[in-house]
Number of protein chains: 2
Amino acid sequence: MNKKKVSLKDIAEKAQVSTALVSYVLNGKEKESRVGHEIAVKIKQIAKELNYQPNYLAKSLRSGKTQTIGLIIADISNPFFANIARIVEDEAKKNGYTVIIGSSDEKAEKSWDLITVFLNRQVDGFIIVSSENSEEQIEYLIEKNVAFVLLDRHFPDIPTHFVSLNSYKAAFDAGVHLIQSGYKNIGLIAYKSQLFHMQERIRGYRESLVENGISFHPAWLKEVGFDTIDEEIKVGIDEMLASAFPVDALIFATYRLAITGLKYINALGLKVPDDLAIVSFGQAEVFDLYYCPITYVLQPMEELGKTAVEILIHQLKEPHAEKRQILMEAQLMARDSSRPKAVIS
Amino acid sequence: MNKKKVSLKDIAEKAQVSTALVSYVLNGKEKESRVGHEIAVKIKQIAKELNYQPNYLAKSLRSGKTQTIGLIIADISNPFFANIARIVEDEAKKNGYTVIIGSSDEKAEKSWDLITVFLNRQVDGFIIVSSENSEEQIEYLIEKNVAFVLLDRHFPDIPTHFVSLNSYKAAFDAGVHLIQSGYKNIGLIAYKSQLFHMQERIRGYRESLVENGISFHPAWLKEVGFDTIDEEIKVGIDEMLASAFPVDALIFATYRLAITGLKYINALGLKVPDDLAIVSFGQAEVFDLYYCPITYVLQPMEELGKTAVEILIHQLKEPHAEKRQILMEAQLMARDSSRPKAVIS
DNA sequence: AATGTATGTTTAATCGATTAAACAAAAAAC
DNA sequence: GTTTTTTGTTTAATCGATTAAACATACATT
């Protein structure tokens, strides 16, 4: 990046005027600042000639605004978050913002790190997919008066803006759907996490059983650690199948759990849905291409992402507006993996 | 972001010294600048007390370095690029760089846009997955002396740093593999693009036929437009199957083509590999989970991404070092979708 | 005592833009 | 023909950090 960049000063010199005039003209303030018409034309022309591009660092330093949003997600290589990221990117761009993305790997520590780095880079605000135990980070942002919106997950005890899914309802619907399709022993594989959305998925699942007169068996619920899902899912599925009440249907609480679980189910040679029906959260091409298309919980990704950006940008304009807390509804997309159970006659 | 941020000046005032001293101390230059030991300790302590965080805008404006890399890819929601992005993000972070990602959707125009925006934001350099007809952008960057590396694709006629795949070899291997597995009528679905890597894939495919004494039939090669792949792939596959020499195996030149193609193949009720064998570029969980695991061309993603970052950072230190041009080899992962053809006896 | 050398610290310019305020000249008002 | 107003332009401070150069002292040397 050698060739001397063109600055306001260069234009000013060439036009024989002060930088102030150039700044006024190029910011469309000729009227308010009553710049002479001839000189304005001249300045514009020179700017074009030299292909002037303003230095946003300088602009930002002066204005205190960077027109940059920090997006913190769990992992950009996870299709769910990649999709969200794309939507956020596009929506932000439409509004003149640039997005910096960071992956936290569900680790509070990494997320802290990202917040610090992004703050040092003076992002105007954050869109955050929170990790477990990151409440203090949120409190910190609140205390420092930093604009942010929580996405996909939120902390019910902390008053913040957020956009997430009605996880309880979604899980409940998933359970009811399986029950109505004739499945009786329904398992759930979730993450071992105190995050609200995860707890809600578990609660929704259990409630769906209860409400339909099915008594829940502890062996049906497996909570696996983020970092050990490969092994734990195997053990979990083994135990579910070998339990006193072997499961005939399985709900996966996230995309990654589903992928990992399905691989193992394939390896076991189990047939979906005859041996095991499946419903999963998340969505991706895999679900379509699986030999038996997977029933999934359709999340309104586009709306989630767009709304998050919208709320954040609105917040940047009106810092003290009331907190917007949005729970969106998911839609169950019934496919072959949960088709009505074949009854043995 | 209200609460007044702590600046060097605040520390200076509290410590009753000039900002210069503070700057020296906090940058570990106490020795060179012979700052008094006591005062240094005091400054450090106050900085910690106030939780001082330097303003990178100011730093960058002064130094001309932002420690930021612009990453331009086709689409972050495509798993291939999302994976690359993650690797780049991690590697950059290790080196103290932050990454700004932009999706070009394979459009030269959008890519121009991103380059301009990122340059205005003073990124130190770029990692670019080029779109078709974006040569002038590359020339522009060269002319302006901007540091950059091309990733995954390159222009053979323009001398630049690049890291990409030996596409010719990979496609050739794919073809040979199918032939050796007993398939005779092998089709290729590629993008309609003059991009070198795509042309090389086509060339490699054709060469594999020629070298094995199979004469190529035009109906076997379908080049579909980026924006019309859904329809064109359907037509393409239909035509290949209905041609005078119906294909019994198909190579997909990218991940997205494969996904789209497989959906249609499923819809047609074709059995892989008995009705149609498959080999695909790209990689993703889908390939594992498909009822018949898909043979694919394994690209050394990790190395691609890391090397790109490494070359860029090295270039930032030594702008005039020789151009590094790296072609990495892919590895064919043979799976069931291309298992030896069952011979009709 | 006069001079030289360390040792500590401050001053002020700089990066590239923005913008309130000061200034100058021309036009309008009385 | 002054005074006032309008119009057009420049000056200079500012954002927050960095750093060469200037400036003070203290200490050492002869």
Side-chain angles (χ1 to χ4, degrees), chain A residues 1-43 46-47 50-68 119-124, chain B residues 1-43 46-47 50-68 119-124:
Chain A
M1 212 163 301
N2 272 358
K3 242 171 212 166
K4 67 281 165 193
K5 293 208 103 201
V6 182
S7 72
L8 266 198
K9 213 167 152 192
D10 298 324
I11 301 181
E13 270 164 21
K14 192 151 185 185
Q16 314 244 53
V17 296
S18 69
T19 60
L21 275 199
V22 180
S23 173
Y24 290 139
V25 170
L26 298 184
N27 287 297
K29 302 224 175 102
E30 339 177 6
K31 290 282 145 50
E32 304 96 292
S33 310
R34 1 169 248 267
V35 178
H37 182 253
E38 282 180 35
I39 210 77
V41 171
K42 186 173 174 191
I43 287 173
I46 294 181
L50 301 183
N51 184 29
Y52 169 70
Q53 301 289 144
N55 182 324
Y56 273 75
L57 287 182
K59 259 185 144 89
S60 299
L61 179 58
R62 183 75 222 274
S63 67
K65 306 260 155 273
T66 52
Q67 299 288 111
T68 302
L119 276 179
N120 289 353
R121 285 171 183 269
Q122 315 297 123
V123 294
D124 290 341
Chain B
M1 211 163 302
N2 272 359
K3 246 174 210 166
K4 66 283 165 191
K5 292 208 106 201
V6 182
S7 72
L8 265 198
K9 212 167 153 192
D10 299 324
I11 301 182
E13 271 164 21
K14 193 151 185 187
Q16 314 244 55
V17 295
S18 68
T19 60
L21 276 198
V22 181
S23 172
Y24 290 139
V25 171
L26 298 184
N27 286 296
K29 303 222 174 102
E30 341 176 4
K31 291 281 145 52
E32 304 97 291
S33 310
R34 3 166 246 264
V35 178
H37 182 251
E38 282 180 34
I39 210 77
V41 171
K42 185 173 174 190
I43 287 173
I46 295 181
L50 300 183
N51 185 28
Y52 169 71
Q53 301 288 146
N55 182 324
Y56 273 76
L57 286 182
K59 259 185 145 89
S60 299
L61 180 58
R62 184 74 222 278
S63 67
K65 307 259 154 274
T66 52
Q67 298 289 110
T68 302
L119 276 179
N120 289 353
R121 286 170 183 269
Q122 315 297 123
V123 295
D124 290 341

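Order of the sequence lines sets the chain letters (A, B, ...), proteins ahead of strands, with each chain counted from 1.
Between the P atom of D/dA17 and the CG atom of B/Asp10 lies a distance of 8 Å, rounded to the nearest Å. In this structure, the CD atom of B/Glu38 is 10 Å from the P atom of C/dG8, given to the nearest Å. Regarding A/Glu30, its CD atom lies at a distance of 15 Å from the C1' atom of D/dT9, rounded to whole Å. One atom, CD of B/Gln122, and another, C1' of C/dC15, lie 10 Å apart when rounded to the nearest Å. The distance from atom CG of B/Leu119 to atom C1' of C/dG16 is 16 Å, rounded to the nearest whole Å. Atom pair B/Lys9:NZ and D/dA13:P shows a separation of 13 Å (rounding to whole Å applied). When rounded to the nearest whole Å, the span between CG of B/Leu8 and P of D/dT19 equals 12 Å. Rounded to whole Å, atom P of C/dC15 lies 18 Å from atom NZ of A/Lys59.
When the shell of 6.0 Å around CD of B/Glu38 is examined, it contains 12 or fewer heavy atoms from other residues, nucleotides or ligands.
Listed nucleotides C/dG16, C/dT10, D/dT10 differ in distance to B/Leu61; the shortest reach to its side chain belongs to C/dG16.
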Practice problem: Would you check, one step at a time, whether the test side chain to side chain contact (heavy atoms under 4.5 Å, CB included) holds for B/Leu50 with B/Lys14? | Solution: CA-CA 10 Å; B/Leu50 300 183; B/Lys14 193 151 185 187; 4.0 Å; yes
Exercise. Any chance you could lay out the side chain to side chain contact (heavy atoms under 4.5 Å, CB included) test for A/Arg121 and B/Thr68, step after step, and finish with the verdict?
Key: CA-CA 10 Å; A/Arg121 285 171 183 269; B/Thr68 302; 2.6 Å; yes
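Under 4.0 angstrom from either OP1 or OP2 of D/dC15 there lies no side-chain N or O belonging to A/Tyr56. Taking 4.0 angstrom as the limit, B/Ser7 places none of its side-chain polar atoms (N or O) nearer than this to OP1 or OP2 of D/dG16. The phosphate of C/dT19 has OP1 or OP2 within less than 4.0 Å of a side-chain N or O from A/Lys29. A close approach under 4.0 Å does occur between a side-chain nitrogen or oxygen of A/Tyr52 and OP1 or OP2 of C/dA17.
Between B/Lys31 atom NZ and B/His37 atom NE2 the span is 7.5 Å, to the nearest 0.5 Å.
In this model, no side-chain donor or acceptor of A/Tyr24 finds a partner on the base of C/dA17 within 3.5 Å.
Judged by closest nucleotide on DNA chain D, A/His37 is the one of A/His37 and A/Thr19 placed further toward the 5' end. Toward the 5′ end of DNA chain C lies the nearest nucleotide of B/Gly36, the other residue of the pair B/Ala58 and B/Gly36 mapping further downstream.
In this structure, A/Ser60 reaches neither bases nor backbone, as no heavy-atom distance under 4.0 Å exists between it and the strands shown. Residue B/Ser63 is classed as having no contact, given no heavy-atom separation below 4.0 Å to the nucleic acid. When heavy atoms are screened at a 4.0 angstrom cut-off, B/Val22 is found touching no nucleic acid atom at all. Nucleic acid contact class of B/Leu57 (heavy atoms, under 4.0 Å, all strands): none.
Taking the side chain as every heavy atom from C-beta outward, B/Val22 and B/Ile46 never approach each other to under 4.5 Å. Residues A/Gln122 and B/Lys5 have side chains in contact (heavy-atom distance under 4.5 Å, counting atoms from C-beta outward).
Side-chain atoms of A/Ser63 come within 3.5 Å of backbone N or O of A/Lys65 as a donor-acceptor pair.
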Tabulate protein N/O versus nucleotide N/O from nucleotides 22-27 of chain C, keeping only pairs under 3.5 Å, one per line.
none

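Nearest approach of B/Thr66 to B/Val123, heavy atoms of both residues: OG1-CA, 3.6 Å.
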